[in-house]
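The sequence lines fix the lettering, A, B, ..., with proteins before strands; numbering per chain opens at 1.
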Amino acid sequence: MPIITLADGSKREFSNAISAYDVAADIGAGLANAALAAKVNGELVDLSTSITNDATLSIITSRDEEGIEVIRHSTAHLMAQAVKRLFPKVQVTIGPVIENGFYYDFSSEHHFTEEELEKISEEMKKIVKQQLPVERQVISRNDAIKLFENMGEKYKAEIIRDIPEGETLSLYKQGEFIDLCRGPHVPNTSKLKVFKLMNVAGAYWRGNSDNEMLQRIYGTAWGDKKDLKDYLFRLEEAERRDHRKLGKRMSLFHFQEEAPGMVFWHPGGWSLYQSVQQYMRKKLTLRDYHEVNTPQIVDFTLWQRSGHADKFGDDMFSVESEGRKFAVKPMNCPCHIQIFNQGLKSYRDLPLRLAEYGSCHRNEPSGALHGLMRVRGFVQDDGHIFCTEGQIQSEVSEFIDFLHEIYQDFGFTDIIYRLSTRPENRVGSDEIWDKSEQALAQALDNKGLEWQELPGEGAFYGPKIEFSLKDCLGRVWQCGTIQVDFSMPARLDATYIGEDGNKHVPVMLHRAILGSFERFMGILIEHHAGNLPFWLAPVQAVVMSITDAQAAYAENIYNVLQNKGFRVKLDLRNEKIGYKIREHTLEKCSYMLVVGNKEMENGTVTLRNLKGETVGNFTESELLEFFRKEQSEKN
RNA sequence: GCCGGCAUAGCUCAGAUGGUAGAGCAACUGACUUGUAAUCAGUAGGUCCGCAGUUCGACUCCGCGUGCCGGCACCA
């Protein structure tokens, strides 16, 4: 006689075991119709699940986040069924839910085309119309292996073989299609109405590049049509922010074939770059960093000693001269140790913070290049903190505060924190790794930050915290980082004299806030959709005249602003004011200063911002005051 | 690097089935002296990514290369 407690706290008693679906039907036909899955005692299950004992129950519909996930998961199965109908030779592999949708990986000689996505989509709609019930069935591991082998699905069989013996597995069957799956799923294919297949891509079996390349079809699925429409609209909006498009339109930078992955910065882009760099310089000084500069090209032996050549030798650009092999530096840390090593250091010198806007080159795989986000030539806001073991905690903590301050100033508050721990290929003892990982985890916890662990993703010399931001399409890019390194200083003979009069090896913290300037520019451009805040805008103001009569007056205002250090342009062209405004708006110039006869008579300018609002009429001194205030917000 | 796609004027893009290219915007010239997102007219502009090949003939078809795009893998 199960007593079922519903989400609203009400209780219902039933005389026999009852399915979640029947409870929904008992509550109301509308709910039964909307029901996709159920949550029994907090566990997400199929609607067909039979409830035999007292339990709490909530019915999951497309209004619940979990309901949407069930839809996406079931839509992945639906797509696999359609693919198998159209391409019987194809083998299925896995089809998980991802943010905003799902994918399914197929093994197939035949390569799917974009047009075939249409056909697959049509077939999916047919299956929806057939209203096939989706049935769960429990099966033993051995029977499952046999079943899929008989179907010729060797990938599924392989997946099951990797599941520990004795575990019960579940199958889901809809019509002729059977898939191994944990579930839960919608009760019937008729529930899957709002989806769109997005694109085809290659993906390695089990994510390993030594394995076969499968074909992945990405799709999106939603609870109702409006949500799908909104999603597709958001995608379009996002594409409009793409830094590669804006960079071209605003003439900030370009790439060309002769220098793949390396940026040609145009005046506007370089202005932005310089604004960011000068801002960082001020901030670093306030935090007791000392800026240095080290060679671009350094003998390969140094990279061998540091351990980089072993792991990354092939990814370094190298040059040869008089029989010596040099590497174009891929990073700055070994060079900073060389500076540390000059002269005897005392514990009193620690922590010693060295910073460099170090230009680095890495021969990234061609397929990895992506606009400004992933390049071969870049500059880091790099820094290395040499300290004692006891200073790690406070240095990391201070660094996180520093990073937050900087991100805040640039308008970033949505930060993803991740801790990458020891990889298989590494240097240093396990004790040292234990200590380093704990130090970083504790620093994050002390700040009350929510973080995620990435096991095995650390650098070869130490664990790291990664601070990531998202691009316009939701792709996550690492910008900031702090890494604990107990190994490299020893490899490169760094020592200091401790309180005890003996030599000790310092700990080195590798750290960056922006990461690479290039990537950060990309993120900045997308974050602001090109409408950079005043203090960063390549062109802060354009002075424009209505007719020739105001030319001298306009030029004077232009000169005053320029002499005060603002980035200004003058537009005296014989064009209509609407034409000039349109052009400078598209160029994303922060303020437009219009001068006509009215302004000339009153000794003012009319200020218009990028949103198209008239800010007001300003005299010369009022204007300077206004701009100074805008500028000083961040500097 | 791997799988797939793409590469035409400064930019955005048209150009079935092979017959050596076209629009809009931008540029240039001229007229217009203009009040808050496009004034009008005219002119010029192309090794159709590169290299080979098939063909009487290739922007178009085949091959190789390069770059870019979407993923995957990689990311000190």
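- Side-chain proximity of Ile581(A) to the nucleotides A37(B), A26(B), C75(B) is greatest for A37(B).
- Across all strands shown, G50(B) forms a Watson-Crick or G-U wobble pair with C64(B), both key distances being under 3.5 Å.
- C64(B) sits 34 Å from A23(B) when the C1' atoms are compared, rounded to a whole Å.
- Base contact: Ala368(A) has a heavy atom under 4.0 Å from a base atom.
- One N or O donor and one acceptor, one from the side chain of Tyr204(A) and one from the base of G1(B), sit under 3.5 Å apart.
- Considering only the side chain of Pro365(A), A73(B) comes nearest among G35(B), A73(B), A76(B).
- Rounded to whole angstrom, the span from the NZ atom of Lys576(A) across to the P atom of A31(B) amounts to 18 Å.
- Within 4.0 Å of Asn199(A), counting heavy atoms only, lie sugar-phosphate atoms of the nucleic acid but no base atom.
- Set against C75(B), A27(B), A37(B), the side chain of Tyr579(A) has A27(B) as its closest nucleotide.
- G50(B) atom P lies 13 Å from atom CD of Glu258(A), rounded to whole Å.
- Residue Met213(A) has its side chain nearest to C72(B) when only G70(B), U39(B), C72(B) are considered.
- Lys569(A) forms no cation-pi arrangement with Tyr558(A), by the criterion of a distance under 6.0 Å to the ring centre and an angle within 45° of the ring axis.
- To the nearest angstrom, C1' of U36(B) lies 13 Å from CG of Asp571(A).
- Side-chain to base pairing of Arg519(A) with C75(B): no donor and acceptor N or O lie closer than 3.5 Å to each other.
- Evaluation of the side-chain contact (heavy atoms from CB on, under 4.5 Å) rule for Glu622(A) yields Phe618(A), Thr619(A) as partners, not counting sequence neighbours.
- Between the CG atom of Leu214(A) and the C1' atom of A73(B) there is a distance of 13 Å, given to the nearest Å.
- Comparing the P positions of A21(B) and C48(B) gives a spacing of 10 Å, expressed to the nearest Å.
- Rounded to a whole Å, the CD1 atom of Ile465(A) is 18 Å from the C1' atom of A76(B).
- The side chain of Lys598(A) approaches G35(B) more closely than any other nucleotide in the set A76(B), G35(B), G71(B).
- Partners of Glu620(A) by side chain to side chain donor-acceptor pair (under 3.5 Å), not counting sequence neighbours: none found.
- When heavy atoms are screened at a 4.0 angstrom cut-off, Arg376(A) is found touching no nucleic acid atom at all.
- A cation-pi contact, defined as under 6.0 Å to the ring centre and within 45° of the axis, is absent between Arg72(A) and Phe102(A).
- Set against U36(B), C74(B), A73(B), the side chain of Arg608(A) has U36(B) as its closest nucleotide.
- A salt bridge links Arg240(A) and Glu236(A); the closest N-O separation between the charged side-chain nitrogens and carboxylate oxygens is under 4.0 Å.
- In summary, the side chains of Ser108(A) and Gln91(A) do not present any donor paired with an acceptor at a separation below 3.5 Å, with no hydrogens or angles considered.
- Within the nucleic acid shown, Gly367(A) comes within 4.0 Å of at least one base atom, counting heavy atoms only.
- Taking only side-chain atoms of Lys248(A), from C-beta outward, the nucleotide of C11(B), C75(B), G70(B) with the closest atom is C11(B).
- Comparing C72(B), C74(B), A37(B) by their closest approach to the side chain of Ala203(A) singles out C72(B).
- Counting non-hydrogen atoms under 4.0 angstrom, Gly207(A) reaches the backbone sugars and phosphates but no base.
- Considering only side-chain atoms of Glu257(A), the nucleotide from G67(B), G35(B), U39(B) that sits closest is G67(B).
- In terms of position on RNA chain B, the residue among Val594(A) and Glu583(A) whose nearest nucleotide sits closer to the 5' end is Glu583(A).
- Between G65(B) and G30(B), the two C1' atoms lie 48 Å apart (nearest whole Å).
- Looking at heavy-atom distances under 4.0 Å, Asn208(A) makes no contact with the nucleic acid at all.
- Picking from G35(B), G70(B), A37(B) the nucleotide with the shortest atom distance to the side chain of His370(A) gives G70(B).
- Across every strand in view, G70(B) sits in a pair with C3(B) that passes the Watson-Crick or G-U test at under 3.5 angstrom.
- Using a 4.0 Å heavy-atom criterion, one finds that Lys464(A) contacts the sugar-phosphate atoms exclusively.
- Under the 6.0 Å distance and 45° angle rule, Lys325(A) counts as a cation-pi partner of Phe300(A).
- Counting distance only, with no hydrogens placed and no angle test, the side-chain atoms of Gln550(A) and the base atoms of G35(B) include no donor-acceptor pair under 3.5 Å.
- Annotation: C68(B) and U29(B) have their C1' atoms spaced 37 Å apart (nearest Å).
- For the C1' atom pair drawn from G18(B) and A73(B), the interatomic distance equals 41 Å after rounding to whole Å.
- Under 4.0 angstrom from either OP1 or OP2 of G1(B) there lies no side-chain N or O belonging to Ser209(A).
- Residues Phe106(A) and Phe87(A) place their aromatic rings such that the two centres sit no closer than 6.0 Å.
- Atom CZ in Arg491(A) sits roughly 16 Å away from atom P in A76(B) (whole-Å rounding).
- Straight-line distance between the C1' atoms of A9(B) and G5(B): roughly 24 Å, to the nearest whole Å.
- Evaluation of Phe312(A) against the base of A76(B) yields a stacking contact (centre distance < 5.5 Å, interplanar angle < 30°).
- Between Phe112(A) atom CZ and G5(B) atom P the separation is 14 Å, expressed in whole Å.
- Between the P atom of U12(B) and the CZ atom of Arg244(A) lies a distance of 13 Å, rounded to the nearest Å.
- G53(B) and A16(B): their P atoms are spaced 26 Å apart (whole Å).
- Taking the C1' atom of each, C59(B) and U17(B) are spaced 15 Å apart, rounded to whole Å.
- Looking at which nucleotide of RNA chain B each of Thr606(A) and Leu369(A) is closest to, the 5′-most match is held by Thr606(A).
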Do Glu457(A) and Thr421(A) pass the side chain to side chain donor-acceptor pair (under 3.5 Å) test, and can you show the C-alpha distance, the side-chain angles, and the key distance before you say yes or no? CA-CA 6 Å; Glu457(A) 297 291 315; Thr421(A) 55; over 6 Å; no
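- Side-chain atoms of Arg216(A) and base atoms of C72(B) include no donor and acceptor less than 3.5 Å apart.
- Base contact: Glu599(A) has a heavy atom under 4.0 Å from a base atom.
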